Amino acid sequence: MLIKRKARRRHDLLQDPVGPTLFSMTVPTTIGVVAVISYLLVDTYFISLLGTSQLAALGFTFPATMLVTYFGVGLGIGTSALVAKAIGARNQLLAAELTFASILLGLVLGLVLIVPGLGASDPLFSGMGAETALLPLIRQYMSVWYFGIPLLLMQFAGTAVIRASGNTRLHGTLMTAGAVLNVILDPIFIFGWGPFPAFGIAGAALTTVTSWALTVIVICYVLARKEGLLKFKWPGLGQILDTWKKLGKITVPAALANMITPVAAAVITTTLATYGTHAVAAYGVINRVESFIMIVVLGMSMSLPPFISQNFGAGLLERVSLALRLSLRFVMFWQFALYLLVALAAPYIAAVFTADPAVRQLITLILRILPASFAFQGMVVLTASCFNALHAPRNALLTSLIRFFVFYVPLALFGAHLADIPGLFTGAAIGNLLAGLLVTRWITAYVRNLQK
């Protein structure tokens with residue numbers, strides 16, 4: 001009975017049909033991502049009730065929090081690629097060693113990052129253009145958030161192992177449970193209830209850290225007792241360092257590639273700060289709405305790499321090629337259809353997050369420009385994910401560099417010079433389009449050469 005139950009919740013990535021397998025893996029992961037992004041939107045909504053200043057402060061925190069988050073994403077990418085390849089090669093012992101080393105690495109790096117983060121807070125956000133009046137609000141949020149960094153990185157490593165094993169249903173369940181807990185605790189910690197005082201904007205960060213702590217406990221229990229992929233046994237410093245070196249070969253380029261996103265966001269935020277607090281507040285909302293619009297792409301970027309890595313490890317490159325083609329084709333049609341809905345609903349989406357007419361107008365404007373290019377942005381995201389899954393992290397890094405610093409940021413800044421805020425986001429959309437077309441040709445040719 002136990003074997004049958006496990007068979008139902010875990011896919012055989014080396015033998016099951018490609019299309020149906022990718023679909024059934026993506027659905028639970030996407031549901032989990034929907035829950036997380038929904039929480040972020042709810043979080044933004046609750047903070048907006050505190051006032052425009054608090055909403056603007058949250059907008060300034062986005063690049064910094066995403067910088068650390070995307071480092072965690074990089075750690076997850078490296079962990080997933082190596083563990084999935086080990087599983088595909090039928091090496092369970094290596095998979096367990098990689099799991100322990102990855103979670104430990106998340107803990108150690110997270111502890112190391114706390115002090116620099118706290119020390120650089122005011123200079124960082126002042127340099128981004130935050131007004132002096134906003135700095136205390138930003139400090140309240142970030143002084144709590146930074147202490148959750150070790151938990152965040154451990155969570156990324158643990159969930160990556162779960163995905164690598166093909167158990168995307170469990171991964172989706174964990175993400176959903178964490179998001180639900182966030183939604184419950186957010187109003188309690190932000191506004192106060194019963195014995196809990198009102199922490200204001202810091203309450204949102206406290207909610208997030210609490211959710212991460214509980215999620216990490218569950219992940220470690222599941223991996224140790226249910227999956228047999230985590231053993232709390234010290235293998236020796238030499239072996240740990242050797243495993244960290246293997247992880248670093250993929251994790252560091254993958255982390256750098258993902259960190260480019262908040263760096264680019266910081267450039268855009270700094271540019272928008274010259275137009276006033278309303279522009280920054282609107283962009284803070286857009287960053288969260290964008291994640292929701294890209295929800296399926298985010299789900300696929302988590303479910304596709306384990307499939308690619310396991311089949312790569314087993315030498316089944318035809319299945320790799322087919323998975324890539326199906327995924328890119330689907331993203332193109334899905335995102336174009338979704339854009340039409342977003343463009344029509346833009347004023348109503350803006351009304352949910354703010355009562356300020358100026359902020360509403362900017363949110364509506366941006367939602368009718370930038371999401372038109374999200375199909376091509378999705379192609380870039382999946383291309384980078386596939387390169388990492390194929391153990392070509394430098395190509396993934398180059399993919400992100402091309403998108404942001406050859407096309408996206410330069411064209412956005414040029415557009416702002418020509419036509420202010422509308423021009424900025426029109427230029428960014430054109431950058432997404434050009435980058436998507438270029439990197440899609442690249443990954444297709446790369447996989448074709450592997451087959452040859």
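Numbers here are sequence positions counted from 1. Owing to the predicted nature of the structure, the values given are computational and were not obtained by experimental measurement.
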*Assess whether side chain to side chain contact (heavy atoms under 4.5 Å, CB included) is satisfied between Phe100 and Lys231, documenting all intermediate values.*
CA-CA 7 Å; Phe100 177 79; Lys231 302 183 186 302; over 6 Å; no
_Audit row: Tyr339, Ile293, side chain to side chain contact (heavy atoms under 4.5 Å, CB included) steps and yes/no_ = CA-CA 8 Å; Tyr339 165 69; Ile293 299 171; over 6 Å; no
*Assess whether side chain to side chain contact (heavy atoms under 4.5 Å, CB included) is satisfied between Leu328 and Met332, documenting all intermediate values.*
CA-CA 6 Å; Leu328 292 175; Met332 175 64 70; over 6 Å; no
*How far apart are the C-alpha atoms of Val296 and Phe330, what are their side-chain angles, what is the distance that settles it, and do they pass the side chain to side chain contact (heavy atoms under 4.5 Å, CB included) test?*
CA-CA 10 Å; Val296 173; Phe330 175 79; 3.6 Å; yes
*Does the side-chain hydrogen bond (donor to acceptor under 3.5 Å, both in side chains) test come out yes or no for Ser321 and Arg325, once each step is laid out?*
CA-CA 6 Å; Ser321 178; Arg325 293 197 307 271; 2.8 Å; yes
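In this structure Phe404 satisfies the ring-ring contact (aromatic ring centres under 6.0 Å, His included) test together with Tyr408, sequence neighbours excluded.
No donor-acceptor pair closer than 3.5 Å links the side chain of Ser309 to the backbone N or O of Lys85. Panel note: side chain Asp242, backbone Gly238; no donor-acceptor pair is recorded below 3.5 Å. Looking at Ser80, its side chain never comes within 3.5 Å of a backbone N or O of Gly76 through a donor-acceptor pair. The closest donor-acceptor contact from the side chain of His391 to the backbone of Ala81 lies under 3.5 Å. A donor-acceptor pair is defined here as one N or O able to donate and one able to accept, closer than 3.5 Å; no such pair exists between the side chain of Ser126 and the backbone of Pro123.
Side-chain atoms of Cys386 and Val320, non-hydrogen and from C-beta on, never get closer than 4.5 Å to each other. Side-chain contact between Val285 and Ile349: absent, with no pair of heavy atoms (C-beta onward) separated by less than 4.5 Å. Residues Phe60 and Tyr283 are not in side-chain contact: their nearest non-hydrogen atoms beyond the backbone lie 4.5 Å or more apart. Leu230 places none of its side-chain heavy atoms less than 4.5 Å from the side chain of Ile219. For the pair Leu152/Thr69, a side-chain contact is recorded, criterion being any heavy-atom separation below 4.5 Å from C-beta on. Glu97 has its side chain within reach of Leu93: a pair of non-hydrogen atoms, C-beta onward, lies under 4.5 Å apart. Side chains of Phe376 and Val380 form no contact here, defined as non-hydrogen atoms less than 4.5 Å apart. Considering only heavy atoms from C-beta on, Leu58 comes within 4.5 Å of Thr61 through its side chain.
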Listed pairs under 3.5 Å, donor-acceptor, residues 138-149 side chains, sequence neighbours left out:
| from | atom 1 | to | atom 2 | distance (Å) |
| --- | --- | --- | --- | --- |
| Arg139 | NE | Asp122 | OD1 | 3.3 |
| Arg139 | NE | Asp122 | OD2 | 3.4 |
| Arg139 | NH2 | Asp122 | OD2 | 3.0 |
| Ser143 | OG | Arg139 | O | 2.9 |
| Ser143 | OG | Gln140 | O | 3.2 |
| Tyr146 | OH | Gly117 | O | 3.4 |

Kindly list each side-chain donor-acceptor pair under 3.5 angstrom involving residues 40-48, sequence neighbours excluded, with atom names and distances?
| from | atom 1 | to | atom 2 | distance (Å) |
| --- | --- | --- | --- | --- |
| Thr44 | OG1 | Leu40 | O | 2.8 |
| Thr44 | OG1 | Arg288 | NE | 3.0 |
| Ser48 | OG | Tyr45 | O | 2.5 |
| Ser48 | OG | Phe353 | O | 3.3 |

Show me, pair by pair, the donor-acceptor contacts under 3.5 angstrom made by side chains of residues 429-444, not counting sequence neighbours?
| from | atom 1 | to | atom 2 | distance (Å) |
| --- | --- | --- | --- | --- |
| Asn432 | OD1 | Arg403 | NE | 2.9 |
| Asn432 | OD1 | Arg403 | NH2 | 3.1 |
| Asn432 | ND2 | Ser373 | OG | 2.9 |
| Asn432 | ND2 | Gln377 | OE1 | 3.2 |
| Thr440 | OG1 | Gly436 | O | 2.7 |
| Thr444 | OG1 | Thr440 | O | 2.8 |

Listed pairs under 3.5 Å, donor-acceptor, residues 102-113 side chains, sequence neighbours left out:
| from | atom 1 | to | atom 2 | distance (Å) |
| --- | --- | --- | --- | --- |
| Ser102 | OG | Thr79 | OG1 | 2.5 |

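A perpendicular orientation is assigned to the rings of Tyr446 and Phe387, their planes being inclined by more than 60° (bins at 30° and 60°).
Residue pairs satisfying the side-chain hydrogen bond (donor to acceptor under 3.5 Å, both in side chains) criterion with at least one member in residues 296-308, sequence neighbours excluded, are listed as follows: Thr26-Ser303.
Listed here is the closest heavy atom pair of Pro253 and Ile250: CD-O, 3.4 Å. Closest approach of Ile87 and Ser165 over heavy atoms only: CD1-CA, 3.8 Å. When all heavy atoms of Leu304 and Ala323 are compared, the pair lying nearest together is CD1-CB, 4.0 Å.
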